[in-house]
Every structure is written in structure tokens, then in C-alpha cells.
Amino acid sequence: MTKNKMLIMMFLSLVLLVAGCGTKPSPQAEAPKTGGDQSAAQTQKETKLDQIKKAGKIIVGTSADYPPYEFHKEINKKDEIVGFDIEIAKAIAKDLGVQLEIKDMKFDGLLAALDSGNVDFVISGMTPTPERQKSVDFTKVYYTAVQKVVVRAEDKDKIKSVDDLKGKKVGAQKGATQEQIVKEQMPNSELKAIFKISDLMLELKNKKVDALVVEQPVANAYLAKNKDLVVSDIALKTEDSGSAIAVKKGNADLAGAMNKTLDKLIADKTIDKLVTEANEQVDQQQ
């Protein structure tokens, strides 16, 4: 073999070697990357409802000081949270095929707990106001109650209109719809907002406030055992006082599943029955 031929063959070998180094990897070599992308896509598609069913548990946040909606009651020497809101939550959990866990907290901290993921939904006699709808999504309204003004029996003839509350102290649950009602419909009164309804009732009985704004079922529950308190003749504008369940923004699938349960409970009048039973529980307790 001549020297020139040897040089030519060495050159060709070098060209082939370089070409081989630049060859595109085979489809098999790229398979792990493709599989990883598919797994990520599947994870992204998993909804809140999927996560709840996978966990086998759903966590509800409530403020259990609002009979007959939710309140504490001793059953078989054990403290339990009961009320018609809680029965609705149990029905939702049953329809989803999961266990229900209840977290009791202050009313004005419920939506923050929902946003942070500490609870999966909130049911606590909550009105879906436009302001709240900015931060959370709501189901349909499942119960609408009339708002009432509660006063001491001795003052019933003295407090018959909003004007009669001018310059007087009016109590409402802090963070609740009733607080806004006092601000908007009783601008000449002094608002006293307190977290617990039971504390508000004591404030009224002890003459620390002159009136309270509460929902009618709540008023009925307390007045049944407090004959020194009565409902005033004052009429309030309460067309937006219905209660709905709150879920985190974007959880339309979860809200939709809850609406199916609510549709059933509303259609067969179960919610009306639960309200009556919850009021009876309050009567037995006080």
C-alpha cells in the first residue's frame, strides 16, 4: 500500500468517526425523558376532588358557636360538634365515599384556613357576599334565613325601629354578615363585634350592648331558654343572607360534586328536617 493510499484511508476513517459522534440519539435513548413529561402532565391534571378521594378524607372548617348551624354538644359524655351544617357536611363526605374531619376555629379565620390548604371546604352559615367571592368559590345557596334584632324583653317597647338604636351599642359576630348589616343599616349605632354568639348573648343580658343582629334560627335557639330576651319588631333588609359552602378558587369540580348533594337534600326537604332536628338538640342542651 502506497503512502498516499494510507493517508486517504486514515482521512476517511476520521470523517466517519466525527460523523458517528454527531449522530442523533436513538428513540430508545429519549424514552426516559418522554415518560417523565407524561407523569408530570398526569400530576397536573389531578384535581382537588381526585386528591380528596385518593386520601380517603375531606376536612371541613367551621366555627362551632352558631346553633343550630354548628355547635358543641355532649353526647355519651363526649364533646361533639353537631348542627345542620355538620349533617350536610357528613352527607357530602358520604356521597364522595370519604371520611369527614372537622376543624373548629374562629369564624374570621375560616377563609384564610381554606386558602392555606388547612381545610378542604368551609361550612359555617356563611353568606356568599361579593367581597368573599373575590377570594373563594361558593356552591349554590342551601339555606336562607331572615335576619333578626334581639333585645332584652324589658326594652321591646322601647326599641321598635332602627332609629331607636341611634347612639346605642349593637352587637354582631365578628367577620359575619351581621357585622356588615349593622354598619350599613344602623350607621348611627355603635357596633360591637365579638367572635362568639354565646358571648354576644351574655353581653346583651348583662347590658353591655342594647341589641344584637343574628339569623332567625340562631335567635330562636337562644331565646327558647332565655326568656329575658326577645325578637324586636325591627325589620331588616336581608335579601342576601343565604348560606353556601366555600371552596378554594379553581376547585369547580369539588363545588360541582357538593352541589349534587345539596340538590338532593333540598329537593327531598332533608335540609328543612335537619334544621328542625338541630333546633331540638339546642333545646335539649340548654
Check the pair Leu229, Lys205 against side-chain contact (heavy atoms from CB on, under 4.5 Å), reporting the backbone distance first and the verdict last. CA-CA 8 Å; Leu229 303 180; Lys205 290 168 70 73; 3.9 Å; yes
Take Lys103 and Asn118, measure what side-chain hydrogen bond (donor to acceptor under 3.5 Å, both in side chains) needs, and give me the verdict at the end. CA-CA 9 Å; Lys103 286 191 176 182; Asn118 287 334; 5.1 Å; no
Apply side-chain contact (heavy atoms from CB on, under 4.5 Å) to the pair Ser198 and Tyr222, showing each step before the final yes or no. CA-CA 9 Å; Ser198 56; Tyr222 278 97; 3.7 Å; yes
Evaluate salt bridge (Lys or Arg N to Asp or Glu O under 4.0 Å) for Glu184 paired with Lys237, printing each intermediate quantity in order. CA-CA 10 Å; Glu184 294 178 355; Lys237 300 174 183 177; over 6 Å; no
Check the pair Tyr69 / Phe84 against ring pair (Phe, Tyr, Trp, His ring centres under 6.0 Å), numbers first and verdict last. CA-CA 5 Å; Tyr69 289 77; Phe84 73 87; 4.6 Å; yes
Decide side-chain contact (heavy atoms from CB on, under 4.5 Å) for Ile181 and Leu236; before the verdict, give the C-alpha distance in whole Å, the side-chain angles of both, and the deciding distance to 0.1 Å. CA-CA 8 Å; Ile181 288 175; Leu236 298 172; 4.2 Å; yes
Salt bridge (Lys or Arg N to Asp or Glu O under 4.0 Å) assessment of Asp137 paired with Lys249: CA-CA 5 Å; Asp137 288 333; Lys249 276 286 185 184; 3.1 Å; yes
For Glu190 and Lys169: C-alpha separation, side-chain torsions, deciding distance, then whether side-chain contact (heavy atoms from CB on, under 4.5 Å) applies. CA-CA 5 Å; Glu190 180 183 343; Lys169 293 182 179 179; 3.7 Å; yes
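Summarising the geometry, atom CG belonging to Asp163 is positioned 11.0 Å from atom CE belonging to Met186; distances are rounded to the nearest 0.5 Å. Between the CD1 atom of Ile92 and the CG atom of Leu100 there is a distance of 9.0 Å, given to the nearest 0.5 Å. Atoms CG and CD, on Asp108 and Gln173 in that order, are 9.0 Å from each other to the nearest 0.5 Å. Annotation: the span from Lys269 atom NZ to Leu274 atom CG amounts to 13.5 Å, rounded to 0.5 Å. Taking NZ from Lys158 and CG from Asp210, the interatomic distance works out to 10.0 Å, rounded to the nearest 0.5 Å. The line from CG of Asp263 to OG1 of Thr139 is 10.0 Å long, rounded to the nearest 0.5 Å.
Considering only heavy atoms from C-beta on, Val162 stays 4.5 Å or farther from Asn188 through its side chain. Taking 4.5 Å as the limit, some side-chain heavy atom of Met258 sits within range of a side-chain heavy atom of Ile58. Residues Asp104 and His72 meet the side-chain proximity criterion, which asks for heavy atoms closer than 4.5 Å. In this structure, the side chains of Val119 and Met105 come closer than 4.5 Å at one or more pairs of heavy atoms. Here the side chains of Lys192 and Lys208 are in contact, with some heavy-atom distance below 4.5 Å. Using a 4.5 Å heavy-atom threshold, the side chains of Thr144 and Ser243 count as separate. At least one side-chain heavy atom of Met126 sits under 4.5 Å from a side-chain heavy atom of Arg132. Side chains of Glu46 and Lys54 form a contact here, defined as non-hydrogen atoms less than 4.5 Å apart.
Proximity of a side-chain donor or acceptor of Asp50 to a complementary backbone N or O of Thr47 within less than 3.5 Å is detected. A donor-acceptor pair is defined here as one N or O able to donate and one able to accept, closer than 3.5 Å; no such pair exists between the side chain of Asp120 and the backbone of Ile52. With hydrogens and angles ignored, the 3.5 Å screen pairs no side-chain donor or acceptor of Ser232 with any backbone N or O of Lys160. Side-chain atoms of Glu70 do not come within 3.5 Å of backbone N or O of Thr62 as any donor-acceptor pair. In this structure, the side chain of Asn226 does not engage the main chain of Leu223 through any donor-acceptor pair within 3.5 Å. For Asp95 (side chain) and Thr261 (main-chain N/O), no donor-acceptor pair under 3.5 Å exists by modelled atom type. Side-chain atoms of Arg152 come within 3.5 Å of backbone atoms of Leu204 as a donor-acceptor pair (strictly under, hydrogens ignored). Under the 3.5 Å distance criterion, the side-chain polar atoms of Lys248 are matched with a main-chain donor or acceptor of Asp115. Side-chain N or O atoms of Asn76 include none that pairs as donor or acceptor with a backbone N or O of Lys78 at under 3.5 Å. Using modelled atom types, no side-chain atom of Lys77 and backbone atom of Glu74 make a donor-acceptor pair closer than 3.5 Å.
Ring-centre distance between Tyr66 and Phe71: not below the 6.0 Å cut-off.
Across Ile245, Val136, Leu114, Val247, a single residue satisfies side-chain contact (heavy atoms from CB on, under 4.5 Å) together with Val122, and that is Leu114.
Nearest heavy-atom pair across Lys48 and Asp253 is N-OD2, 3.8 Å. In this structure, Lys196 and Asp65 approach most closely via the heavy-atom pair CA-OD2, 2.9 Å. Considering all non-hydrogen atoms of both residues, Glu179 and Gly175 come closest at OE1-N, 2.6 Å. Nearest heavy atom pair, residue Val231 against residue Ala219, reads CG2-CB, 4.4 Å. Contact between Leu165 and Ala211 at its shortest, heavy atoms only, is CD2-CB, 3.8 Å. A pairwise comparison of heavy atoms in Gly125 and Glu215 identifies O-OE2, 4.4 Å as the closest pair.
Linking ILVMFWY residues whenever their side-chain heavy atoms come closer than 4.5 Å, directly or via other members, places Val151 and Val213 in the same cluster. Under the 4.5 Å side-chain heavy-atom criterion for ILVMFWY residues, no single connected hydrophobic cluster contains both Leu110 and Val141. Hydrophobic clustering, with ILVMFWY side chains joined whenever heavy atoms are under 4.5 angstrom apart, groups Phe121 together with Ile86. Both Leu191 and Ile234 are members of a single hydrophobic cluster when ILVMFWY side chains are connected at heavy-atom separations under 4.5 Å. Both Ile88 and Val218 belong to a single network of hydrophobic side chains, linked directly or stepwise wherever heavy atoms of I, L, V, M, F, W or Y lie under 4.5 Å apart.
Side-chain atoms of Gln178 and Gln147 form a donor-acceptor pair, as typed in the model, at a separation below 3.5 Å. Between Asp85 and Tyr142, the side chains place a donor N or O and an acceptor N or O closer than 3.5 Å (distance only, hydrogens not considered).
For Glu80, the CD atom is densely surrounded, since the number of other residues' heavy atoms within 6.0 Å is greater than 12.
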